[in-house]
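Report on one structure; see the data block that follows.
Just so we're clear, the structure is a prediction, and the values are computed from it rather than from any experiment. So you know, we letter chains A, B, ... as the sequences are listed, proteins then strands, and number each from 1.
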Amino acid sequence: MSDVCLIGTGMHPWGKWGRPFTEYGTAAARAALADAGADASEVDFVSGAATVRGGYPGFVAGAAFARALGWRGQQVASSYAACASGAQAIAAARARLLAGLSDMALVVGAESAPKGFFAPLGGDRPDDPDWLRFRLLGAANPLYFALAARRRMELHGARPEDFAAVKAKNAAHGAANPMARYRKRTTAGEVLASPVVADPLHLLDVCATSDGGAALVLVREEDARRRGADPVRLAGLSAAVPEYPVAEPEMPYLAGDPPRAEDGDTGGRAPRFREANARAAFEEAGVGPEDLDLAEVYDLSTAMELDWYEEIGLCPRGGAEGLLRDGATRVGGRIPVNPSGGLASFGEAVPAQGIAQVCEVAAQLRGRAEPERRVEGARVGIAVNQGLFGHGSAAVLTR
Amino acid sequence: MSDVCLIGTGMHPWGKWGRPFTEYGTAAARAALADAGADASEVDFVSGAATVRGGYPGFVAGAAFARALGWRGQQVASSYAACASGAQAIAAARARLLAGLSDMALVVGAESAPKGFFAPLGGDRPDDPDWLRFRLLGAANPLYFALAARRRMELHGARPEDFAAVKAKNAAHGAANPMARYRKRTTAGEVLASPVVADPLHLLDVCATSDGGAALVLVREEDARRRGADPVRLAGLSAAVPEYPVAEPEMPYLAGDPPRAEDGDTGGRAPRFREANARAAFEEAGVGPEDLDLAEVYDLSTAMELDWYEEIGLCPRGGAEGLLRDGATRVGGRIPVNPSGGLASFGEAVPAQGIAQVCEVAAQLRGRAEPERRVEGARVGIAVNQGLFGHGSAAVLTR
Amino acid sequence: METAPWIARGADGPHLLGSRCTACGAVSFPPDRAHCRDPHCPGGDPVVAALPRRGRIWSFTDCRYPPPPPYVPPTDPFEPFVLVAVELDGPGPIVLGQAPPGTALSSLRIGAPAELVEGTAAGPEGRRFPVWQWRPLPDGGGDAQTAGGVR
Amino acid sequence: METAPWIARGADGPHLLGSRCTACGAVSFPPDRAHCRDPHCPGGDPVVAALPRRGRIWSFTDCRYPPPPPYVPPTDPFEPFVLVAVELDGPGPIVLGQAPPGTALSSLRIGAPAELVEGTAAGPEGRRFPVWQWRPLPDGGGDAQTAGGVR
Ligand SMILES: [Zn+2]
Ligand SMILES: [Zn+2]
C-alpha cells in the first residue's frame with residue numbers, strides 16, 4: 001500500500017485573539033499551501049476538524065473553511081471527536097487519498113475558545129453525561145486530571161515536584177516556539193507556588209484554552225516525490241474507541257465499567273485506548289517505540305504526560321518518573337517529549353491541537369524547528385491525543 | 001478500482017418517540033447487521049453521522065453508537081454536515097474500505113428532534129449566519145423554501161396545485177412504508193386547505209422534524225460476493241461544496257454572491273451544488289440520469305422536489321411540472337421519485353435521513369420494498385440531499 | 001446585538017455596507033473580513049464598501065408563524081411579516097430583508113424595483129435595534145421583469 | 001433535574017441503582033436502558049439493580065474554583081468540595097461522587113473504605129435535589145490498600 005505524505009504544514013499562532021475560528025483556520029491553510037508549494041486549486045478534498053464552540057459554521061467546519069478560502073466545488077468533510085477531532089480529520093483525508101478518491105487533501109482545524117473552564121452547552125440534558133457530570137458533581141475537567149494524578153502518585157510514587165518538572169521542561173521548549181501562546185520559561189517552583197486547582201494539581205499543571213489554527217496538505221507518496229516536495233510520511237494512524245470494560249471513569253462519565261464476572265478483579269483487561277491507539281499506529285507504520293526520536297503527547301495536565309510515556313511505550317508502567325528525572329524527555333535527551341512546548345505552552349485549541357501536534361512532528365522530521373528546541377536527526381515521531389468519552393488517536397510520522 | 005457494496009440496511013421507524021438518539025441508532029445498527037448476516041465483531045470501522053441536538057454524545061455520535069453497541073476497539077469517526085451528515089458518514093466509510101484500511105464499516109445516524117421549527121443553539125453569535133438569519137430577519141427554514149418556490153412559480157409556471165400534487169404522490173408512497181412516520185394518503189385538496197406557513201407553501205408542503213435512525217453495513221465488492229450477501233453497489237458518491245459565486249441566498253445566508261464583473265449578469269455561472277453533486281456521482285458510477293430507475297430526493301418542501309427533478313437530470317430546466325403532471329414520478333410511472341414517501345412521509349431526522357434515503361434505494365434495488373410502492377426491476381437509483389450552507393450530496397447505487 | 005449592523009446613511013438615503021475586494025472587485029454581504037472569497041482572485045483585501053440601495057425583487061414570501069429564538073417578535077400577538085429577496089443594482093448580491101410592517105404580499109412582484117429603508121427589529125428584554133428593510137417601489141415597467149428574471 | 005436520579009433506600013441505607021444484564025450480569029452505572037454494553041454478551045436486557053453501598057477509595061481530589069454551569073454552587077461564596085472515586089465492592093464500577101461538605105482531603109486515603117450517603121445538591125433558582133455522596137469510613141486496615149490499589 002502506498003503511503004500518504006504531508007507536504008505542507010501551517011499554523012496560526014496560539015493565543016486569545018478573539019476572532020472567528022475561520023480566520024485562524026484559513027490563515028493556517030494558506031500557510032500550509034504555501035509551504036507545500038501548492039495552489040489552492042489543486043486541493044480536491046477539504047477535511048475540517050469541527051468545533052462545537054463556533055456556532056453552526058463550527059459544526060460544518062470543512063465547508064466553512066472551504067467557503068472562506070473560495071468555494072471550488074471540492075469534496076468536503078467535517079469531523080468531530082473533541083480533542084481527537086484533528087486526528088479524525090487527518091484520517092478522513094488519508095483514507096480518500098489512499099482510496100484514490102482525491103489527489104490533494106487540505107486538513108484544517110481551528111478554535112476560538114471562550115475563557116475559563118470548558119463547560120457544556122446550555123439546556124437541560126439529563127441523558128448527556130457531559131451535562132450530568134457538571135450538574136450532579138461539579139466535575140470539571142481538571143478534577144478528572146487530578147484523580148488520575150493522585151492515582152499515579154499512589155501507584156508509582158510520582159510527586160508534585162515531578163508534575164511541576166514536566167511543566168518546566170515543556171515551558172522551556174515552548175519558549176523557543178513562535179507558534180506557542182506562552183513563550184517564557186517556568187520553574188518547578190513557580191508551578192508549586194501557583195494556586196491548587198484540584199489537589200494535587202496546581203494552576204500551572206493544567207492546560208489553558210486558546211485560540212489557534214493548524215492545517216496540513218496531504219498527497220500520496222508518489223505525488224510528493226513527483227512534486228519535489230519536502231515530504232513527511234504519515235506512516236500510521238489510529239483513532240479508535242476502547243474495548244469494554246473500561247475501568248477508569250473517563251471524562252465525562254460518572255463511572256467506569258466493572259470487570260467481567262469471569263475475569264475477576266484483575267483479569268481480562270484490554271489495554272487502555274491510549275495504549276491501543278499507539279500500538280495500532282506503530283503497527284501500521286512498521287516501527288515501534290524503540291524507533292522513536294520524539295513524541296508529542298497530550299499534556300492536558302502535567303501528570304498526564306507521565307502516563308503517556310508508558311502508554312506509548314517509552315518505558316514500562318511506573319517508569320515515567322525515572323525517565324523524566326533523568327532528563328530523557330527534554331530536548332537533548334534520549335527521547336524528547338513535547339519539543340513544541342506541548343499544551344503547557346500552547347493551551348488547548350481543541351480541533352486544531354491534534355493537527356498542530358502533527359505539524360510539530362513534521363517540523364522536527366524536516367529539521368525546521370528552532371535550534372533551541374530542535375531534535376537533531378529525527379526520523380520517527382508520534383503524536384497522540386485523547387478526546388472526551390474515552391476515545392483518542394495516535395499518528396506515527398516517518399522521514 | 002473495486003467498488004463498495006451495501007450488504008445490510010436497518011432503520012428504526014420514524015416518529016416522535018422522545019428517547020435518546022443512541023437508542024434509535026443502535027436499533028438501526030442491529031437491524032443492519034442482522035440483514036447483512038454479519039456479527040458486530042466483524043465491524044472494524046464505525047462511522048457516525050453526528051447530531052447537534054443530542055448533547056455532547058451527539059457530537060461524537062460514532063463513539064456514542066460504538067459504546068452503546070459494545071466497545072470493541074474499532075476505528076471510529078463522526079461526521080457532520082447538517083442534512084448531508086449521513087452522506088459524509090457513508091463517504092468516510094467508503095474511503096476507508098477502498099483504501100483497505102477497514103474491511104467492514106457500520107454507518108449509523110440517528111436523531112431525537114425537538115418539536116417545531118429548527119432553531120439555532122442558544123447564545124449570542126453575531127458571527128454565525130445561522131444566528132443572524134433568525135435574529136435579524138426571522139428567516140426560519142420554510143421561508144427559504146418559500147422564496148425558492150415563488151421563484152419557481154415565476155420562472156417555470158409552477159402552481160400551488162403542483163406542489164400539493166407532490167405531497168399527494170409522496171404520501172401515497174409513504175402510506176405503504178412501515179418505516180414512515182405519516183402513513184396515510186393525503187389529497188392535494190388537503191394540502192391546499194392546510195394553513196399557509198410561508199406563501200406559497202402550506203403546512204403540508206413543508207416537512208416536519210422527526211426522530212429516527214438508519215444504518216448501513218458496507219464491505220468491498222469482493223467480500224460481498226464471498227459472503228454470499230445480497231449486495232447493492234455504492235457506485236458513485238459526492239459530497240461537495242459549491243463553486244463561487246453562488247447567486248441564490250442559500251440557507252442560512254443573508255445574501256448570495258453577485259456574478260463576477262467580467263462574467264456579466266448571466267455568464268460564468270457554475271452548476272448549482274445539487275447539480276454538481278449529482279453529476280459527480282453519476283460520473284463515478286459510469287451511468288447517467290437516463291439510466292435511473294428511481295430517485296430519492298430531499299423534499300424539504302414539495303416545491304424543492306420539482307427543482308431536484310431538473311438538477312439530477314430527469315428533465316430540462318422548467319420541465320419538472322410536466323413530468324409531475326404526467327405521473328412519471330409516481331410509483332408505476334417512468335421514473336418514480338421518493339418511492340419511500342420522502343420527507344413528506346418521514347419528516348426529517350437530520351443525520352439519519354441521508355442514510356435512510358440510501359436504505360430505500362437499496363431496498364428497491366433488492367426488490368424488497370412493499371408491493372404497493374415497489375419499483376419493479378430497478379437496477380439504478382440515486383439519493384440526493386442538501387445540508388445547510390449550500391453543500392449537499394449525491395449517491396448512486398446500482399445492482 | 002444592540003446596534004444595526006452594516007447600515008450607513010449616504011446622501012441618497014440609507015444603504016448597506018458590504019465589502020469589495022481591492023484586487024478583483026468581488027462584493028460580499030455581510031462584508032468579508034479577512035480574505036476575498038473568490039477563488040480566482042489574485043489576492044486582495046476586502047474593504048468596506050457601500051452597496052446600491054436599490055434593486056429588483058428576486059423573490060418574496062411571508063412568515064405566518066412566529067419564528068423561534070433568537071428571533072424576537074416585535075409585537076404580541078405575533079404579526080406575520082413579509083420577507084423579500086432583492087437583487088441589488090449592478091448586479092450586486094441578492095440580499096434578504098423584511099419588508100416594512102404593513103407591506104401587503106399582493107403588492108410585490110418579482111422583477112419590480114425596491115429600495116432599502118431603515119426599520120427597527122426587536123431584541124431581548126424589549127430592546128430595539130435598527131435593521132434594513134426592503135420597500136417595494138412603484139413598478140418601473142419594461143425591463144424590470146427581465147432583470148429580475150435572469151437569475 | 002429536580003429529583004435524585006438513581007438513589008434508593010434499602011434496609012441497610014441508601015444505595016445507587018444501576019443496571020445488571022439478565023444474560024451476562026454486566027453492571028452499569030448510570031443504568032443502561034436499551035441494551036447491554038458488553039460486546040461479548042449473548043444478548044440480555046439491562047434490568048435495574050441495587051449496587052453495593054460500600055467500596056474502597058480509588059482516587060480523590062478537590063475542587064478549589066467554582067465549576068461552570070450547569071453546576072450550581074450550593075453556597076455563596078463558593079466553598080471548595082472534595083470529589084471521590086470509589087470502587088464499589090464486588091468489584092463493582094468505580095463511581096464518582098462528592099464527599100459530604102466538611103470532609104477534609106487529609107482524611108482520605110486510596111484503598112480506604114467509603115460508604116454512600118444521601119446529600120443535597122443545588123439546582124437553578126435555589127432548588128435543591130438529593131444526590132449521592134461518598135463518606136470515608138474509618139480505615140479497616142490490611143487488605144484495603146490492596147483492594148483499591150489493583151486497578
Ligand atoms: Zn478578490
Ligand atoms: Zn449482557
*asked:* Less than 4.5 Å to any heavy atom of chain B: does that hold for the side chain of C:P30, its backbone, both, or neither?
replied: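 Just its side chain gets close to chain B.
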*Which atoms of C:L105 approach chain B - backbone, side chain, both or neither, heavy atom under 4.5 Å*: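 C:L105 touches chain B through side-chain heavy atoms alone.
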Minimum heavy-atom distance between [X] and [Y], given as atom pair plus value:
{"X": "C:P93", "Y": "B:P258", "answer": "N-CB, 3.6 Å"}
{"X": "C:C63", "Y": "B:G138", "answer": "SG-O, 4.4 Å"}
{"X": "C:A122", "Y": "B:R135", "answer": "O-CD, 4.3 Å"}
{"X": "B:F134", "Y": "C:Y71", "answer": "O-CD1, 3.1 Å"}

Using a 4.5 angstrom heavy-atom cutoff, name the option from [options] with the most pairs to chain B.
{"options": "C:L88, C:V82, C:V27, C:V86", "result": "C:V27"}
{"options": "C:P80, C:A26, C:P39", "result": "C:P39"}
{"options": "C:R37, C:R33, C:Q98", "result": "C:R37"}

_Quick check on B:E283: does its CD atom have over 12 non-hydrogen neighbours (other residues, nucleotides or ligands) under 6.0 Å away?_
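It does not: B:E283 CD has 12 such atoms or fewer within range.
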Do [X] and [Y] have side chains that get closer than 4.5 Å, going by heavy atoms?
{"X": "B:D257", "Y": "C:F29", "value": "no"}
{"X": "B:P249", "Y": "C:W58", "value": "yes"}
{"X": "C:W132", "Y": "B:L136", "value": "yes"}
{"X": "C:P70", "Y": "B:R133", "value": "no"}

How long is the span from the [atom1] atom in [X] to the [atom2] atom in [Y], to the nearest 0.5 Å?
{"X": "C:R64", "Y": "B:H202", "atom1": "CZ", "atom2": "NE2", "result": "8.0 Å"}
{"X": "C:I94", "Y": "B:E250", "atom1": "CD1", "atom2": "CD", "result": "10.5 Å"}
{"X": "B:L143", "Y": "C:Y65", "atom1": "CG", "atom2": "OH", "result": "13.0 Å"}
{"X": "B:L201", "Y": "C:T61", "atom1": "CG", "atom2": "OG1", "result": "6.5 Å"}
{"X": "C:F60", "Y": "B:L147", "atom1": "CZ", "atom2": "CG", "result": "9.5 Å"}
{"X": "C:I57", "Y": "B:E154", "atom1": "CD1", "atom2": "CD", "result": "10.5 Å"}

*So, B:R151 side chain and C:S59 main chain: donor-acceptor pair closer than 3.5 Å or not?*
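No, B:R151 side chain to C:S59 backbone: no donor-acceptor pair under 3.5 Å.
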*Heavy-atom pairs under 4.5 Å with chain C, option from B:A149, B:A198, B:P200 with the top count*: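 That would be B:A198.
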_Taking the basic N atoms (NZ, or NE/NH1/NH2) and the acidic carboxylate oxygens, is any pair closer than 4.0 Å for B:R150 and C:D62?_
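Between C:D62 and B:R150 there is no salt bridge, as every charged N stays at least 4.0 Å from the carboxylate O atoms.
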*By a 4.5 Å heavy-atom criterion (distance strictly below it), what part of B:Y144 contacts chain C: side chain, backbone, both, or neither?*
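Side chain only.
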